[in-house]
Amino acid sequence: VVTVLGLWPTSDLSIRAEIEAIFASGVNYVVIDADVTKRRILSEVDRLKPAILHVGAHANAESVMLDDGKAMVGWWKNLAQLYPFRLVVLNACSSLDIVDAMQDAGVVSVVGMRDEIDDNAAVLFASAFYGRLMRGRTVNEAVALAKMALNHTDAELIGVRDPSEWKIEKG
């Protein structure tokens, strides 16, 4: 069973719709939406050993805002070196540099945003992406199909790096 760990630090983002959309896709989804600190993330990742890490938060090219402050790109890279995620999705503004660093550290597949993305577009993307992923599409295919649900401007903000053509195998 593929487990997705969803991290949702306190923010002004409309997170409920995105969380519900991911749940609806049928993945084994564990949500952490309170006390999202570096320490708690390490504890939950160590306990769950998720294949997929999904983060919905405010971010920029250097950091992601958590409940205990900024988690810099180096912290995320170190996390990726310690835990063998198959996929990291940072559904957060300007997060592509962070997921690229995580891929350099060993994550096989990464998805991130090139710039600021609208909340509604992020919800639509997550819903379409996980729905396709759970129906046997590769990460690249799921991203391409999810981008088709968005307007061109929003679709161009989403970047994917998946040289492995990984997909969830249902058994």
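- Contact of the Val73 side chain with the Trp76 side chain is not registered, since no non-hydrogen atoms from C-beta on lie closer than 4.5 Å.
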Exercise. Kindly indicate, with the supporting measurements, whether the criterion side-chain contact (heavy atoms from CB on, under 4.5 Å) is fulfilled by Leu5 and Tyr83.
Key: CA-CA 13 Å; Leu5 175 60; Tyr83 296 97; over 6 Å; no
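- Between Ser25 and Gly131, the closest heavy-atom pair is CB-N, 3.8 Å.
- Between Phe129 atom CZ and Arg137 atom CZ the span is 13.0 Å, to the nearest 0.5 Å.
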Exercise. Would you please test Ile32 and Ile41 for side-chain contact (heavy atoms from CB on, under 4.5 Å) and show each step?
Key: CA-CA 9 Å; Ile32 308 298; Ile41 292 168; over 6 Å; no
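- Side-chain atoms of Asp67 come within 3.5 Å of backbone N or O of Asp35 as a donor-acceptor pair.
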Quiz item: Please walk me through it: do Ile52 and Val27 pass side-chain contact (heavy atoms from CB on, under 4.5 Å)?
Solution: CA-CA 10 Å; Ile52 301 172; Val27 298; 5.8 Å; no
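- The side-chain hydrogen bond (donor to acceptor under 3.5 Å, both in side chains) pairs that include a residue from residues 106-125 are Ser109-Asp162, where partners are two or more places apart or lie in different chains.
- Glu44 meets the side-chain hydrogen bond (donor to acceptor under 3.5 Å, both in side chains) test with Arg47; sequence neighbours excluded.
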Practice problem: Mind running side-chain contact (heavy atoms from CB on, under 4.5 Å) on Val31 and Ile22 for me, showing each step along the way? | Solution: CA-CA 10 Å; Val31 174; Ile22 298 169; over 6 Å; no
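- If you chain together hydrophobic residues whose side chains sit under 4.5 Å apart, Leu7 and Phe23 never meet in one group.
- Trp166 places no side-chain N or O within donor-acceptor distance of the main-chain N or O of Val139, the cut-off being under 3.5 Å.
- When the side chains of ILVMFWY residues are joined at heavy-atom separations under 4.5 Å, either directly or via intervening members, Val64 and Val36 end up in a single hydrophobic cluster.
- For residues 87-104, the set of pairs meeting the side-chain hydrogen bond (donor to acceptor under 3.5 Å, both in side chains) definition, not counting sequence neighbours, comprises Glu18-Asn91, Asp100-Arg161.
- Note on Val55: it clusters hydrophobically with Val110, by side-chain heavy-atom contacts below 4.5 Å among ILVMFWY residues.
- Tyr130 and His54 are linked by a side-chain donor-acceptor pair at a separation below 3.5 angstrom, with hydrogens and angles left out of the test.
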